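Shown next, in structure tokens, is the structure this report addresses.
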Amino acid sequence: MEPLEPDVITTQAKELSAVERQKLDEQNKRGLVPEYKANKLEIDAQRNWDIFYKRNETRFFKDRHWTTREFQELLDQEEFHEKRTLFEVGCGVGNLVFPLLEEQTSEEGCFSNSRFFFYACDFSPRAVEFVRSNPLYDPSQISAFQCDITTQQVHDHIPPSSVDICTLIFVLSAIHPQKFKDVVQNLGKLLKPGGLLLFRDYGLYDMAQLRFKPGNKIAENLYVRQDGTRSYFFSEEEVSKLFQENGFEVITNAYVHRRTLNLKEGVDVPRIFLQGKFRRKNL
């Protein structure tokens with residue numbers, strides 16, 4: 001996917017065209033996903049993600065080399081003399097943590113000089129096994145474990161107030177909105193006072209939201225994909241409120257409008273992401 005033009009950063013939600021509004025209206029024609037089915041999706045969430053990784057293995061998601069461009073905090077260390085701690089929530093098969101580890105070790109020559117000690121967790125046990133079986137996996141540098149980040153499980157693996165930076169990238173959208181607060185509160189307990197949470201996820205009225213057909217809508221801005229995994233689309237206002245009400249201050253939070261060209265298909269793809277940086281307050 002090649003960018004067609006520079007990103008547009010704005011706090012204003014996209015204004016829908018008449019055609020786009022009609023697409024959203026069409027999604028309501030068959031009503032919402034029945035409650036019993038929505039409940040089953042919640043019960044089967046871990047199983048559905050495990051099947052996803054069984055089917056796709058390490059091929060589906062590309063390595064996230066863009067994260068250091070978007071979040072300089074993953075690189076800058078001049079003012080830090082000690083190794084910092086980074087926690088990647090929803091690590092998948094390691095598409096963020098391993099490029100970061102490769103980047104910092106290639107610059108500095110050896111693991112002992114790496115900038116971070118990494119914690120990495122995922123809901124899917126299979127995904128975690130892919131991380132642990134990666135040739136770059138070194139327990140002295142990375143601790144990968146399975147957990148449900150909406151529960152207290154994570155506190156069995158990471159001490160409170162010990163994390164410098166936490167990444168929550170395309171993770172919260174896969175979780176039921178009723179549990180967003182639990183996730184943010186959990187991460188707030190792990191971060192040091194003044195620690196940073198780096199957030200990126202699907203923005204309101206992203207192309208992927210408009211493409212859902214009738215019968216896939218669970219609730220407002222929440223959908224189920226064919227494989228049983230779920231996707232939520234965020235507004236800037238609700239994300240700011242979510243973090244502010246749960247112990248964070250907003251540093252930045254805005255929609256990122258990106259137009260990319262799929263060279264293989266010759267398709268112009270407009271995407272909308274929501275990207276933010278939030279600092280844990282000194283409580």
Side-chain angles (χ1 to χ4, degrees), residues 1 41 44-71 73-75 84-107 111 114-151 153-154 156-158 163 165-175 183 186-187 190 197-202 206 208 224-232 260 262 264 271 273 275:
M1 302 287 280
L41 289 170
D44 292 344
Q46 184 183 76
R47 177 176 175 270
N48 289 333
W49 276 110
D50 227 34
I51 291 170
F52 172 91
Y53 285 109
K54 181 179 181 181
R55 184 187 307 119
N56 296 288
E57 296 185 341
T58 60
R59 298 182 298 269
F60 190 83
F61 296 114
K62 292 184 172 64
D63 283 351
R64 292 171 172 171
H65 294 286
W66 54 267
T67 51
T68 50
R69 181 186 71 237
E70 299 290 343
F71 298 115
E73 293 82 1
L74 299 175
L75 284 177
R84 292 181 291 164
T85 301
L86 185 145
F87 177 29
E88 182 186 7
V89 181
C91 62
V93 298
N95 299 103
L96 182 147
V97 67
F98 289 126
L100 271 182
L101 190 59
E102 275 189 302
E103 205 166 306
Q104 64 187 26
T105 52
S106 63
E107 284 175 5
F111 279 147
S114 59
R115 285 183 287 268
F116 293 107
F117 176 84
F118 297 97
Y119 289 107
C121 80
D122 202 274
F123 197 21
S124 163
R126 194 179 299 270
V128 173
E129 283 309 308
F130 280 124
V131 172
R132 289 178 175 162
S133 63
N134 189 299
L136 284 175
Y137 188 79
D138 177 350
S140 71
Q141 297 296 315
I142 310 172
S143 173
F145 56 93
Q146 187 279 332
C147 88
D148 177 352
I149 197 63
T150 70
T151 71
Q153 293 173 0
V154 68
D156 295 333
H157 300 270
I158 304 177
V163 174
I165 295 177
C166 178
T167 64
L168 194 62
I169 298 176
F170 297 110
V171 174
L172 206 58
S173 55
I175 294 169
V183 174
N186 268 333
L187 299 181
L190 297 176
L197 189 146
L198 308 179
F199 176 89
R200 186 179 176 105
D201 221 316
Y202 300 110
D206 175 51
V224 59
R225 300 186 184 96
Q226 269 191 313
D227 62 6
T229 62
R230 294 167 298 183
S231 187
Y232 187 83
T260 55
N262 187 322
K264 188 176 179 182
R271 300 305 308 266
F273 305 120
Q275 185 163 302

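Predicted model only: the values in this text are computed from it and were never measured.
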Trace of the salt bridge (Lys or Arg N to Asp or Glu O under 4.0 Å) decision for R126 with E129: CA-CA 5 Å; R126 194 179 299 270; E129 283 309 308; over 6 Å; no
Show the nearest heavy-atom pair for residues [X] and [Y], with the distance to one decimal.
{"X": "G92", "Y": "V131", "value": "O-CG2, 3.3 Å"}
{"X": "R230", "Y": "A45", "value": "NH2-CB, 3.8 Å"}
{"X": "Q146", "Y": "H157", "value": "O-NE2, 4.2 Å"}
{"X": "V163", "Y": "T85", "value": "CG1-O, 3.8 Å"}
{"X": "L41", "Y": "G228", "value": "CD2-O, 3.6 Å"}

Does [Y] offer a backbone N or O that forms a donor-acceptor pair with the side chain of [X] under 3.5 Å?
{"X": "E88", "Y": "T167", "value": "no"}
{"X": "Y137", "Y": "A144", "value": "yes"}
{"X": "N186", "Y": "T151", "value": "yes"}
{"X": "Q153", "Y": "C147", "value": "no"}

Could you check whether any side-chain heavy atom of [X] comes within less than 4.5 Å of a side-chain heavy atom of [Y], counting everything from C-beta outward?
{"X": "V93", "Y": "F98", "result": "no"}
{"X": "F273", "Y": "R271", "result": "yes"}
{"X": "L198", "Y": "I165", "result": "yes"}
{"X": "R132", "Y": "P139", "result": "no"}
{"X": "Y232", "Y": "I175", "result": "no"}
{"X": "C166", "Y": "L190", "result": "no"}
{"X": "L187", "Y": "F87", "result": "yes"}
{"X": "F170", "Y": "Y202", "result": "yes"}

Intermediate values then yes/no, side-chain contact (heavy atoms from CB on, under 4.5 Å), V183 and V89: CA-CA 10 Å; V183 174; V89 181; 5.6 Å; no
Verdict with reasoning, F199 to L172, per side-chain contact (heavy atoms from CB on, under 4.5 Å): CA-CA 9 Å; F199 176 89; L172 206 58; 4.0 Å; yes
Parallel, tilted or perpendicular: rings of F117 and Y119 (30°, 60°):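 Rings of Y119 and F117: perpendicular, as their planes differ by over 60°.
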Using 0.5 Å steps for rounding, measure from the [atom1] atom of [X] to the [atom2] atom of [Y].
{"X": "F123", "Y": "I149", "atom1": "CZ", "atom2": "CD1", "result": "11.0 Å"}
{"X": "L136", "Y": "E102", "atom1": "CG", "atom2": "CD", "result": "5.0 Å"}
{"X": "R200", "Y": "L168", "atom1": "CZ", "atom2": "CG", "result": "13.0 Å"}
{"X": "R115", "Y": "L86", "atom1": "CZ", "atom2": "CG", "result": "10.5 Å"}

By salt bridge (Lys or Arg N to Asp or Glu O under 4.0 Å) - contacts of R225 (at least two apart):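 Once residues adjacent in sequence are excluded, R225 has no partner under the salt bridge (Lys or Arg N to Asp or Glu O under 4.0 Å) criterion.
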side-chain hydrogen bond (donor to acceptor under 3.5 Å, both in side chains) evaluation trace for D122 with S124: CA-CA 5 Å; D122 202 274; S124 163; 4.6 Å; no
